[in-house]
Amino acid sequence: QVQLVESGGGLVQAGDSLRLSCAASGRTFSGYTMGWFRQAPGKEREFVAAIRWSSSITCYADSVNGRFTIARDNAKNTVYLQMNSLKPEDTAVYYCTTSSRTLPTSKYEYDYWGQGTQVTVSS
């Protein structure tokens with residue numbers, strides 16, 4: 001059974017940084033894509049970033065490109081999302097997810113999801 005457990009969310013001020021973690025278990029993730037999505041109240045769940053586990057090739061949403069960095073640690077089976085220069089519009093629940101496809105940006109192409117971690121950025 002695949003399990004994804006997010007941590008690292010919290011309340012910060014605009015301009016601050018946070019690092020989210022996603023501990024993954026239940027299968028070998030080499031050959032899979034790991035992704036981060038977010039969902040703000042009343043809005044659709046949207047793509048943030050993704051990484052191919054084996055090659056470390058990444059892609060980002062335009063809204064976070066240059067501010068957020070996705071990375072993975074093979075030894076710890078963990079994916080990270082480093083978020084810098086946070087803005088109030090980054091406020092959302094952030095979800096970790098996995099897909100067998102190559103760097104998809106649609107939520108419908110991901111199969112397993114974590115429970116989410118809340119990020120709140122005050123102005």
Side-chain angles (χ1 to χ4, degrees):
Q1 179 74 13
V2 173
Q3 286 193 323
L4 304 172
V5 180
E6 303 98 333
S7 60
L11 171 63
V12 297
Q13 293 187 330
D16 285 351
S17 298
L18 271 179
R19 189 179 77 160
L20 306 183
S21 300
C22 172
S25 62
R27 71 179 176 201
T28 301
F29 289 90
S30 176
Y32 286 84
T33 293
M34 302 299 294
W36 286 96
F37 280 70
R38 66 186 182 187
Q39 188 166 17
K43 294 189 175 182
E44 292 286 320
R45 190 169 296 190
E46 64 174 5
F47 172 77
V48 175
I51 185 169
R52 286 295 287 177
W53 193 279
S54 54
S55 66
S56 290
I57 296 174
T58 59
C59 69
Y60 297 92
D62 289 345
S63 59
V64 306
N65 198 21
R67 299 188 297 124
F68 291 11
T69 302
I70 187 171
R72 89 287 182 258
D73 184 328
N74 278 341
K76 296 182 178 180
N77 236 31
T78 299
V79 177
Y80 302 99
L81 185 67
Q82 177 67 43
M83 306 185 295
N84 298 329
S85 302
L86 283 162
K87 305 176 181 179
E89 51 264 44
D90 294 320
T91 296
V93 177
Y94 284 71
Y95 297 91
C96 177
T97 182
T98 181
S99 172
S100 59
R101 297 177 180 267
T102 301
L103 300 173
T105 58
S106 168
K107 61 185 178 183
Y108 300 109
E109 296 186 280
Y110 287 84
D111 43 17
Y112 293 96
W113 296 83
Q115 82 289 349
T117 184
Q118 176 71 47
V119 172
T120 303
V121 184
S122 63
S123 57

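Throughout, numbering of the chain's residues begins at 1 and tracks the sequence. Just so we're clear, the structure is a prediction, and the values are computed from it rather than from any experiment.
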Novice: Can you find a heavy atom in the side chain of Leu20 that is under 4.5 Å from one in the side chain of Glu6?
Specialist: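 Counting from C-beta outward, Leu20 and Glu6 never come under 4.5 Å.
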Novice: Are Phe68 and Tyr80 connected into the same hydrophobic cluster when the rule is that any two of I, L, V, M, F, W, Y join if their side-chain heavy atoms are below 4.5 Å apart?
Specialist: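 No.
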Novice: Check whether any side-chain heavy atom of Thr69 sits under 4.5 Å from a side-chain heavy atom of Leu81, and report yes or no.
Specialist: no
Novice: Using side-chain heavy atoms (C-beta onward) and a distance below 4.5 Å, is Ile70 in contact with Tyr60?
Specialist: yes
Novice: Under 6.0 Å between ring centres, would you say that holds for Phe29 and Trp53?
Specialist: yes
Novice: Where the side chain of Tyr110 meets the backbone of Pro104, is there a donor-acceptor pair that is under 3.5 Å apart?
Specialist: yes
Novice: Give a yes-or-no answer on whether the side chains of Arg101 and Thr33 include a donor-acceptor pair shorter than 3.5 Å.
Specialist: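 Their side chains do not contain a donor-acceptor pair, so the 3.5 Å distance test is not met.
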Novice: If you define the side chain from C-beta out and look only at heavy atoms, does anything of Val119 sit under 4.5 Å from Thr91?
Specialist: no
Novice: If you look at every heavy atom in Leu4 and Ala24, which pair is closest and at what distance?
Specialist: CD2-CB, 3.7 Å
Novice: Would you say Ser99's side chain and Glu109's backbone share a donor-acceptor pair under 3.5 angstrom?
Specialist: yes
Novice: Could you please spell out the steps behind the side chain to side chain contact (heavy atoms under 4.5 Å, CB included) verdict for Glu89 and Val121?
Specialist: CA-CA 8 Å; Glu89 51 264 44; Val121 184; over 6 Å; no
Novice: Ser17 and Asn84: side-chain donor and acceptor closer than 3.5 Å?
Specialist: yes
Novice: Just verifying a value: how many Å separate Ser85 OG and Asp16 CG, rounded to the nearest 0.5 Å?
Specialist: 9.5 Å
Novice: Under 4.5 Å between any side-chain heavy atoms of Arg72 and Asn77, yes or no?
Specialist: no
Novice: With rounding to the nearest 0.5 Å, note down the distance linking OG1 in Thr97 to OH in Tyr32.
Specialist: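 Thr97 OG1 to Tyr32 OH: 12.5 Å, rounded to 0.5 Å.
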Novice: Rounded at 0.5 Å granularity, tell me how far OG in Ser100 sits from OH in Tyr112.
Specialist: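 Rounded to the nearest 0.5 Å, the OG-OH separation comes to 10.5 Å.
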Novice: Can you measure from OG (Ser21) to CG (Asp73) and round to the nearest 0.5 angstrom?
Specialist: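 Spacing of OG (Ser21) from CG (Asp73) equals 10.0 Å.
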Novice: In Å and rounded to the nearest 0.5 Å, what is the CD to SG distance from Gln3 to Cys96?
Specialist: 12.0 Å
Novice: How close do Cys59 and Thr105 get, heavy atom to heavy atom, and via which atoms?
Specialist: SG-CG2, 4.5 Å
Novice: Between the side chains of Gln118 and Thr120, does any donor sit under 3.5 Å from an acceptor?
Specialist: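 Note: Gln118 and Thr120 side chains meet the donor-acceptor criterion.
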Novice: Flag yes if Tyr95 and Met83 sit in one hydrophobic cluster, no otherwise; membership is Ile, Leu, Val, Met, Phe, Trp, Tyr, and two members link when side-chain heavy atoms are under 4.5 Å apart.
Specialist: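 Per the 4.5 Å side-chain linkage, Tyr95 and Met83 are not co-clustered.
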Novice: Taking Thr28 for the side chain and Ser30 for the main chain, is one N or O donor matched with an acceptor at less than 3.5 Å?
Specialist: no
Novice: For residues 35-49, which side-chain N or O atoms pair as donor and acceptor with protein atoms under 3.5 Å away, sequence neighbours left out?
Specialist:
unit_1 : atom_1 : unit_2 : atom_2 : d
Arg38  : NE     : Glu46  : OE2    : 2.6
Arg38  : NH1    : Asp90  : OD1    : 2.9
Arg38  : NH1    : Tyr94  : OH     : 3.0
Arg38  : NH2    : Glu46  : OE2    : 3.2
Gln39  : OE1    : Arg45  : NE     : 3.3
Gln39  : OE1    : Arg45  : NH2    : 3.4
Gln39  : NE2    : Lys43  : O      : 3.1
Glu44  : OE1    : Lys107 : NZ     : 2.8

Novice: Quick check against the 3.5 Å criterion: does Thr78 have a side-chain atom that pairs as donor or acceptor with the backbone of Lys76?
Specialist: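 Indeed, once roles are kept as given, a pair shorter than 3.5 Å links the two residues.
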Novice: Find the distance between CE (Met34) and CD1 (Ile51) and round it off to the nearest 0.5 Å.
Specialist: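 If we round to the nearest 0.5 Å, Met34:CE and Ile51:CD1 are 9.5 Å apart.
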